[in-house]
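Structure record follows, encoded as structure tokens.
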Amino acid sequence: MNKRTITVVGGGAAGMMAAITAAERGASVTLLEPNERLGKKLNITGKGRCNVTNNADLQTLLANVPKNGKFLYSVFSRFDGRDAMAFFEGLGVPLKTERGNRVFPVSDRSFDISGALERRLRALKVRMVRDRAVSLDISDGVIRGVSGEKGNYPAQAVILATGGVSYPATGSTGEGHRMAAAAGHTVTPLQGSLVPLREKGNTCAALQGLSLRNVQLTVFENNKRIYSDFGELLFTHFGLSGPLVLSASAHMRHFDKKTYRLEIDLKPALDEQTLDKRLLSDFEKYCNHDFCNALNDLLPQKMIQEMVKASGIDPHCKVNTVTREQRRELVHLFKHWSVEVAGLCPVTDAIITSGGVKVSEINPTTMESKLVKGLYFAGEIIDVDAYTGGFNLQIAWATGRAAGEAAAKEEATGEDTL
């Protein structure tokens, strides 16, 4: 019996999983990747540690996919975070679960993940070709193969797993979206998610380079609180970045019709009453000092000038002349440091892409196109994206798995596609 021929376009997380799955099911698989090595973007995830997945149940996975989460119900039901963990441990990569059920290799090396995938591809004799796909070969509504810069790759099924448009240096240049659109698919607007934020004004610019740890960040959409978390953030010349901010950005999706504001609680461990007592204690300690020199124990040096300016208190008045009302306003600033958000940074600065091939045009069980027989999608090319915590890689594993399974067992239709 002739093996079913499959071409996978894209050697990232979803593409490697799709190729492995199809090959495990007996297909003859060709994997096209223009980069010198596979998994280039995978290797930089989680600051090089690779947040492989999230050790979560189905409902938790779905709750962390704010856009088109229901579309993933079937694939997550069959391959969830725990299945992904078992898969990688089966490939010889020991894993560990950290805060927020984030899963990492015990080694803290993303190359252990990409290396294990590549070894599995080689063991399964997947043909890996360094070439960039240029177009899909389609006739009579059926996929016939892929044309690349260096050659043609006839196939009975093609899996597009080219990623989004974030981190273009890793090869995510939007070519897959262009090919999908040429095949008749709708591509929803592409923008960044898990991306730094631009501020209105220049408050953050004055604090450029300052990193704050263990602060609480709250997002307000039209003055309604929509998200809050603790962690680390960084002030930049354009606004804010850092893990806390990247996570928050995924909740800010309607800049065309809504306004967004951030509040930073600089002292989340202290309530306002306790913070006021702490201020009084420091003021007593520095009672003969100027006000601008009395906050050294509570704030990083770089932030003191901005705090003094925002408080409206004369920087050179003696601490013992600061009134109760002024102190109350100061406490409020510590607990509600406000930044007006102008918008997201460009998608090229984002960790992932929001937008992609419209999910209503894809079969949610098989990942097959509803428009072109034998064409499948996997990973970030699809219009789904999640919050931080390993959820986006879980989307890649689950959709890649489903596409590989379906492509390998699908009956060839019509004439011989070769």
Side-chain angles (χ1 to χ4, degrees), residues 41 44-45 64-69 163-170 172-174 177 186-212 215-266 303 306 309-310 333 336-358 380-389 391-392:
K41 185 176 177 183
I44 62 174
T45 61
N64 280 277
V65 184
K67 191 174 184 188
N68 298 323
V165 290
S166 59
Y167 284 145
T170 64
S172 300
T173 57
H177 295 115
T186 306
V187 177
T188 62
L190 305 174
Q191 64 178 41
S193 186
L194 309 183
V195 64
L197 299 172
R198 295 182 295 108
E199 69 162 330
K200 290 180 183 174
N202 55 10
T203 304
C204 296
L207 298 169
Q208 179 181 350
L210 176 64
S211 177
L212 297 178
V215 295
Q216 181 175 14
L217 183 70
T218 302
V219 178
F220 291 87
E221 182 181 78
N222 288 352
N223 292 318
K224 179 185 176 184
R225 175 181 166 142
I226 61 167
Y227 174 77
S228 188
D229 199 6
F230 295 89
E232 181 180 349
L233 59 79
L234 173 70
F235 291 97
T236 70
H237 66 284
F238 55 78
L240 287 164
S241 188
L244 198 51
V245 172
L246 298 181
S247 295
S249 73
H251 299 259
M252 306 163 73
R253 295 172 177 266
H254 307 290
F255 280 97
D256 55 335
K257 52 193 175 188
K258 296 183 179 179
T259 60
Y260 293 92
R261 175 174 57 85
L262 305 177
E263 280 191 2
I264 304 169
D265 184 345
L266 300 167
M303 196 162 194
E306 292 305 308
K309 190 190 302 182
L333 284 171
H336 305 276
W337 185 267
S338 187
V339 176
E340 298 286 332
V341 181
L344 304 172
C345 282
V347 66
T348 50
D349 297 334
I351 292 177
I352 60 162
T353 304
S354 177
V357 178
K358 198 170 184 179
E380 201 177 340
I381 190 173
I382 304 169
D383 185 16
V384 287
D385 62 278
Y387 301 140
T388 56
F391 300 105
N392 287 291

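In what follows, residues are counted from 1 in the order of the sequence shown.
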Pairs flagged by salt bridge (Lys or Arg N to Asp or Glu O under 4.0 Å) wherever residues 236-254 is involved - sequence neighbours left out: R253-D385

Main-chain N/O of V357 paired to H177 side chain as donor or acceptor, under 3.5 Å: no

Minimum-distance pair of heavy atoms, taken over all atoms of L344 and S249: CD2-CB, 4.1 Å

D256 side chain near H254 side chain, heavy-atom distance below 4.5 Å: yes

Non-hydrogen atoms of A342 and F255 that approach each other most closely: O-CD2, 3.9 Å

Closest contact, heavy atoms only, A250 versus L194: CB-CD2, 3.9 Å

Whether Y387 and H251 hold their rings parallel, tilted or perpendicular, with breakpoints at 30° and 60°: parallel

Validation row: K358, D383 side chains within 4.5 angstrom (heavy atoms): no

The single option from L212, V339, L262 passing side-chain contact (heavy atoms from CB on, under 4.5 Å) against L217: L262

Any residue meeting side-chain hydrogen bond (donor to acceptor under 3.5 Å, both in side chains) with S241, in chain and number order, not counting sequence neighbours: none

Smallest separation among heavy atoms of T188 and G355, with atom names: OG1-CA, 3.3 Å

Over all atoms of both residues, closest heavy-atom pair of V219 and A248: CG2-CB, 3.7 Å

Electrostatic pair K224-E221, nearest N-O below 4.0 angstrom: no

Pair listing, side chain to side chain donor-acceptor pair (under 3.5 Å) test, anchored in residues 198-211, at least two apart: S211-E232

